[in-house]
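All remarks here apply to the structure that follows.
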Number of protein chains: 2
Amino acid sequence: MTDEFEDTLSIREMCDTFEVTPRTLRFYEAKELLFPHRVGTRRLFTRRDRARLKLILRGKRFGFQLEEIRQLLDMYDRDDSQIAQLSKTYEIAKDRLADMERQRDELDEAIADLREQLKWGARVLGAQKTAHTADQARK
Amino acid sequence: MTDEFEDTLSIREMCDTFEVTPRTLRFYEAKELLFPHRVGTRRLFTRRDRARLKLILRGKRFGFQLEEIRQLLDMYDRDDSQIAQLSKTYEIAKDRLADMERQRDELDEAIADLREQLKWGARVLGAQKTAHTADQARK
DNA sequence: ACGTCTCTTGACGTTAACGTAAAGCCATTC
DNA sequence: GAATGGCTTTACGTTAACGTCAAGAGACGT
């Protein structure tokens, strides 16, 4: 009764707001990442859903998988006093950070490597052939 | 006749040399990236196959897809005089490099972002709750 | 002849995160 | 009351690069 006029969004409004497809929102609901209300058969996304979706998208940017995100999100929903869980969250995040840094370092290596190849002309994958083909390729 | 005793490797020797599985080599052959000889039904990988595999693996490190790698490899196999193709190779590689740099930049952003979150305690995905939960999580 | 080893060819399974129909309900609006 | 428009569920399709059996052939040693 207090929230009879809770401000909610239709699926389309959600999509427009967050630039996702309806399929995506339904998928997230199926995976229990979102819990929109229903009016008849229609979904109504609450403020809470919006907050969650924002976090989901941020999690994705971080490279978390949906299942990991769901777990993290669920922790916050549980009793606030389960601090042990929070520190676990912390560790998961640090692991992810380490992963990302490893990835970036590999990428950096590969980039440097590829740059080096490009410097030598068109022999990108190391094709041997003759030197003049490379020269000509450079025009 | 001249290469009756061409030095070749069995599939197992190839696998050990390049740290790949037999499945992988057969897969590459199916995708026309490798062309091992046959003796009866057995595969014999020639020097050429070894060179190609080396380039394939390098290509993968660069983030090329197998199909792209196949195309690049094929160019080198065609007439040496098709210089136009070579410069196309060059462009493909430059595009890939640009992709990789974009990826890395995004990753850098995400990393910085995540680091920032970690600085603020356990609220990794931005969970709001109370400040003390985060404090306690920091111990 | 028998067992063992290495290799072969199918051919289906895996994973993530949705895409893409197909078919139907409900509320307007003409 | 028919056509629309928006939404629904169900369910199969997609993609890459292999993994993972299953069943069988060939060679080799005893």
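The chains referred to below are lettered A, B, ... by the order of the sequence lines, with proteins before strands, and numbering in each begins at 1. Remember, it's a predicted structure, so these values are computed and weren't measured experimentally.
Atom NZ in B:Lys60 sits roughly 4 Å away from atom P in D:dC18 (whole-Å rounding). Atom CD1 in A:Ile11 sits roughly 15 Å away from atom C1' in D:dG5 (whole-Å rounding). Between the CG atom of A:Leu66 and the C1' atom of C:dT15 there is a distance of 13 Å, rounded to whole Å. Computed from coordinates, the A:Arg70 CZ to C:dA16 C1' distance equals 15 Å when rounded to whole Å. Distance, A:Glu29 CD to D:dT9 C1': 11 Å, rounded to whole Å. We find that CZ of B:Phe64 is positioned 13 Å from P of D:dA17, with the value rounded to whole Å. The distance between atom CZ of A:Arg38 and atom C1' of C:dC25, rounded to the nearest whole Å, is 13 Å. Protein atom CG of A:Leu25 is 15 Å distant from nucleotide atom C1' of D:dG6, rounded to whole Å.
Under the 4.0 Å criterion applied to side-chain N and carboxylate O atoms, B:Glu13 and B:Arg50 are not assigned as salt-bridge partners. A salt bridge does not link B:Arg26 with B:Glu29: every distance from a Lys NZ or Arg NE/NH1/NH2 to an Asp or Glu carboxylate oxygen is 4.0 Å or more. Using a 4.0 Å cut-off between a side-chain N of Lys or Arg and a carboxylate O of Asp or Glu, B:Arg52 and B:Asp74 qualify as a salt bridge. One finds a salt bridge joining B:Arg102 and B:Asp99 here, because a Lys/Arg side-chain nitrogen approaches an Asp/Glu carboxylate oxygen to under 4.0 Å.
Across all strands shown, B:Gln65 has heavy atoms under 4.0 Å from sugar-phosphate atoms exclusively, and none from any base.
Residues B:Thr24 and B:Thr41 each lie close to DNA chain D; by heavy-atom proximity, the contact nearer the 5' end of the strand is made by B:Thr24.
OP1 or OP2 of D:dT8 lies within a sub-4.0 Å distance of a side-chain N or O belonging to A:Arg26. Considering only side-chain N and O atoms, B:Arg43 lies under 4.0 angstrom from the phosphate OP1 or OP2 of C:dT9. Contact annotation: A:Ser10 side-chain N/O to D:dC7 OP1/OP2 distance is under 4.0 Å. In this model, the phosphate group of D:dC18 is approached by a side-chain N or O of B:Tyr28 to a distance below 4.0 Å at OP1 or OP2. Within the 4.0 Å cut-off from OP1 or OP2 of C:dT8, not a single side-chain nitrogen or oxygen of B:Arg42 is found. The phosphate of D:dG19 (OP1 or OP2) has a side-chain N or O of B:Thr21 nearer than 4.0 angstrom. Of the side-chain N and O atoms in A:Arg23, none sit less than 4.0 angstrom from OP1 or OP2 of D:dA11.
Checking D:dC18, D:dT9, C:dA17 against every side-chain atom of B:Phe27, the shortest atom distance belongs to D:dC18.
Annotation: side chain of A:Leu66 is in contact with side chain of A:Phe27 (closest heavy-atom distance under 4.5 Å).
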